[in-house]
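Position 1 is the first residue of the sequence, and the numbers go up from there. Since the structure is predicted, the reported quantities are computational estimates derived from the model, not experimental observations.
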Amino acid sequence: MPLPKEYTTADIYSLPDGQRAELIDGQMYDMAPPSRRHQLIISELNYLIRDYIKKKGGDCEVYPAPFAVRLNADDRTYVEPDISVVCDPKKLDDAGCTGAPDWIIEVASPGSTRMDYSVKLFKYRTAGVREYWIVDPDKKRIMVYDFANDNMSEYTFSDVVRVGIYEDLEIDLKGII
């Protein structure tokens with residue numbers, strides 16, 4: 001029985017134009033194009049976070065997908081979170097981020113549920129991401145994993161969610177979804 005192929009970031013960068021995939025522990029996962037609703041949620045969250053950082057004069061930077069994150073600083077794991085907030089400028093280069101962002105947001109879609117709630121949840125936690133949000137438009141909920149404090153909370157789209165990596169940032173989801 002042949003062994004499954006192990007992929008590297010070189011395989012990701014050699015994909016045909018327009019084809020997107022993520023790489024987790026040497027396994028490649030195709031990415032479906034996002035829906036309009038998915039993109040709208042990302043755009044709104046990205047704007048709110050970026051605006052907050054600018055107004056506060058913060059050092060963190062926010063990047064919407066597609067943004068390359070070489071999560072384990074190796075060539076076997078490459079992800080494109082929907083939103084990445086990186087507070088350590090040494091992790092940033094022209095290719096993206098090397099290492100774990102401080103905060104990652106994924107907007108779940110029917111084709112990404114298993115990845116977002118299982119595979120990525122584990123990878124982000126073990127890689128050192130401080131906070132991970134799963135925004136699920138179909139279930140109308142947000143799962144917030146505060147890995148830094150070993151805490152998990154669930155919110156609805158009518159809630160205001162306090163961001164764990166900032167003391168005074170709250171996001172009112174009613175205005176977004």
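The same ILVMFWY cluster, assembled from side-chain heavy atoms under 4.5 Å apart, contains both F157 and W133.
Within the 3.5 Å criterion, the main-chain N or O of G164 finds a donor-acceptor partner in the side chain of E131. One N or O on the side chain of T126 and one on the backbone of K123 form a donor-acceptor pair closer than 3.5 Å. Between the T113 side chain and the S109 main chain, a donor and an acceptor come within less than 3.5 Å of each other. In terms of modelled atom types and a separation under 3.5 Å, the side chain of S35 and the main chain of H38 share a donor-acceptor contact. With hydrogens and angles ignored, the 3.5 Å screen pairs a side-chain donor or acceptor of D11 with a backbone N or O of T8. Checking side-chain atoms of D102 against main-chain N and O of C87 turns up a donor-acceptor pair under 3.5 Å.
Counting non-hydrogen atoms of neighbouring residues, nucleotides and ligands closer than 6.0 angstrom, the CZ atom of R50 reaches no more than 12 such neighbours. Annotation: Q19, atom CD; neighbour count of heavy atoms from other residues, nucleotides and ligands within 6.0 Å is above 12.
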- Message: Assess the residue pair Y117 and D136 against the criterion (side-chain hydrogen bond (donor to acceptor under 3.5 Å, both in side chains)); give the C-alpha distance rounded to whole Å, side-chain angles, the decisive distance to 0.1 Å, and a yes or no.
- Response: CA-CA 10 Å; Y117 283 96; D136 194 324; 2.8 Å; yes
- How far apart are the C-alpha atoms of F147 and Y124, what are their side-chain angles, what is the distance that settles it, and do they pass the ring-ring contact (aromatic ring centres under 6.0 Å, His included) test? CA-CA 9 Å; F147 298 138; Y124 293 160; 8.1 Å; no
- Item | Verdict with reasoning, R76 to D74, per salt bridge (charged side-chain N to carboxylate O under 4.0 Å, His left out) | CA-CA 6 Å; R76 297 185 66 242; D74 63 17; 5.2 Å; no
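In this structure, the side chain to side chain donor-acceptor pair (under 3.5 Å) partners of R70, at least two apart in sequence or on a different chain, are D93, T98.
Taking the six-membered ring for Trp and thresholds of 30 and 60 degrees, Y145 and Y132 have nearly parallel ring planes, at less than 30 degrees apart.
For the residue pair D159/T156, the side-chain donor-acceptor check at 3.5 Å is satisfied. A donor-acceptor contact closer than 3.5 angstrom links the side chains of D168 and Y52.
A side-chain contact (heavy atoms from CB on, under 4.5 Å) with W103 is found for exactly one of V86, I49, I83, namely I49.
Pairing each heavy atom of A68 with each of A95, the nearest pair is CB-O, 3.3 Å.
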